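Note sheet for the following structure.
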Amino acid sequence: MLIKDKEKFFSKPIVVCLCAVFCCILWGSAFPCVKIGYKLFEIDQSSPACLMLFAGMRFTLAGVFVIAFGCATQKKFIAPKPKNIWRVLVVALFQTAMQYTFFYIGLANNTGVKSSVLNGLGVFFTILIACFIFRTEKFNLIKLAGCILGFGGVILLNLDGFSFNFTLLGEGFIIFSGLSSAVAAGFVKIFSKHEDTTALCGYQFFIGGIVLVIIGLSFGGRITHIDVGAAFMLIYLAFLSACAFTLQGFLLKYNPVSKVAVFKSTNPLFGALFSAVILSEYSQLLSWFTLLALVLVCAGIFIINKFGERKPKPAPVVTAPETAEVTPAAEQTEENNQNSE
């Protein structure tokens with residue numbers, strides 16, 4: 001697929017909507033699957049080092065999947081250009097290493113309910129950083145209204161039992177995780193203009209995952225149990241990360257960051273749905289809080305995608321007045337007339 005064909009395809013509103021929602025479905029399924037993975041691998045959830053090691057295994061494998069996919073589709077071995085290696089390292093630092101170090105430690109020191117709410121702040125952060133730091137798009141009241149509606153839905157979804165206690169290693173690290181993800185989205189938007197999106201996503205996953213493995217092992221993290229079920233779950237978690245982040249990379253490359261980021265407001269909704277089905281947690285799903293939250297989130301998505309990017313009106317076409325064509329003979333006659341005068 002040619003670059004112009006890709007841009008035309010991935011910038012279609014219906015494609016943006018379907019692809020972004022599909023990414024959120026995959027990310028939503030990760031919530032119960034990670035919990036199941038903890039049990040299958042018999043991971044000590046009180047040990048941040050073990051959590052880092054588990055995350056590193058997941059994202060290293062995700063990087064291998066993305067790189068293999070790129071090699072198969074492009075029919076050659078893909079690698080970032082030497083001049084772009086620093087760009088891959090920057091994305092790996094923010095997107096994988098920092099984000100999931102903050103997230104897993106914060107999650108270990110916090111409740112899942114509050115973590116999901118605070119993680120929803122990433123939508124706000126992504127749009128604000130894109131507008132005010134990277135300046136890849138303009139901020140307006142419509143985007144603000146869409147963000148408020150979407151995040152309001154996230155808060156409403158988790159309103160029951162919500163408290164406002166704050167600790168650095170708990171709530172603070174979850175917020176830092178959202179900030180890191182937002183910064184990474186801005187870098188992906190810019191760097192994808194200079195590097196192949198698949199190579200950028202694949203190698204940042206692989207490098208970031210290796211960093212997490214090193215951190216986990218250095219602080220005493222160990223995986224002591226593995227079986228077929230555990231291996232299958234690890235493969236699925238790696239696959240969903242590889243697929244969702246690569247697809248999001250293409251969406252960010254050809255669309256405004258806010259248009260893509262606002263769909264992340266649906267992550268807690270899909271997380272609640274999959275948790276209800278897989279983990280039998282039906283109480284939150286079957287409440288009017290969830291239904292109203294769904295309406296708010298969808299309203300926020302619709303507003304930003306429909307009205308968030310105001311296209312300038314085309315300038316009126318000014319046609320030059322028709323002028324009589326002057327032939328060389330006419331020019332000579334006019335010159336003779338001027339000389340005779």
Side-chain angles (χ1 to χ4, degrees), residues 6-24 27 91 94-95 99 116-158 175-194 197 244-245 247-270 292-317:
K6 286 184 179 179
E7 182 175 3
K8 184 178 180 181
F9 177 77
F10 283 108
S11 60
K12 291 181 179 179
I14 184 63
V15 173
V16 174
C17 179
L18 292 177
C19 290
V21 169
F22 178 66
C23 290
C24 292
W27 283 320
V91 177
F94 286 97
Q95 179 70 64
Q99 178 186 181
S116 64
V117 175
L118 294 174
N119 195 43
L121 284 171
V123 177
F124 262 136
F125 293 148
T126 302
I127 295 175
L128 293 175
I129 287 175
C131 293
F132 295 109
I133 296 181
F134 291 102
R135 297 185 181 276
T136 53
E137 57 188 271
K138 293 183 179 180
F139 187 76
N140 54 46
L141 293 177
I142 293 176
K143 291 179 181 179
L144 177 61
C147 287
I148 292 174
L149 285 173
F151 186 60
V154 175
I155 292 178
L156 187 63
L157 179 65
N158 298 280
I175 292 174
F176 290 153
S177 173
L179 276 171
S180 181
S181 176
V183 173
F187 279 127
V188 170
K189 172 70 176 178
I190 296 173
F191 292 167
S192 59
K193 298 178 181 178
H194 306 279
T197 304
F245 278 105
L247 190 54
Q248 180 189 244
F250 282 105
L251 294 177
L252 288 172
K253 182 175 183 178
Y254 299 116
N255 297 278
V257 174
S258 60
K259 194 173 184 178
V260 178
V262 71
F263 282 93
K264 284 192 174 182
S265 299
T266 62
N267 281 0
L269 296 175
F270 287 119
L292 184 55
L294 180 61
V295 173
L296 290 176
V297 170
C298 291
I301 292 172
F302 176 78
I303 287 174
I304 287 183
N305 280 273
K306 184 69 176 179
F307 308 107
E309 291 298 316
R310 295 178 179 176
K311 297 181 179 180
K313 296 181 179 179
V317 179

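All residue numbers in this chain count up from 1 along the given sequence. Please read all numbers here as calculations on a predicted model, not as lab measurements.
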Give the ring-plane orientation class for Phe250 versus Phe10, where under 30° counts as parallel, over 60° as perpendicular and anything between as tilted. parallel
Approximate separation, where rounding is to 0.5 Å, of Phe191 CZ and Leu252 CG: 13.0 Å
Tell me whether the count of non-hydrogen atoms from other residues, nucleotides or ligands lying under 6.0 Å of CZ in Phe176 goes above 12. no
Ser181 side chain to Ser177 backbone, donor-acceptor under 3.5 Å: no
With rounding to the nearest 0.5 Å, note down the distance linking SG in Cys23 to CZ in Phe270. 11.0 Å
Could you tell me if the side chain of Val260 sits less than 4.5 Å from the side chain of Tyr254, heavy atoms only? no
Roughly how far apart are Lys143 NZ and Ile148 CD1, rounded to 0.5 Å? 14.5 Å
Hey, could you give me the CG/NZ distance between Asn255 and Lys12, rounded to the nearest 0.5 Å? 12.5 Å
If you look at every heavy atom in Gly249 and Val188, which pair is closest and at what distance? CA-CG1, 4.2 Å
Using 0.5 Å steps for rounding, measure from the CZ atom of Phe125 to the OG atom of Ser180. 11.5 Å
Do Phe22 and Phe263 come close enough that some side-chain heavy atom pair is under 4.5 Å? no
Would you name the heavy atoms of Ala182 and Ile129 that are closest together and state the gap between them? CB-CD1, 3.6 Å
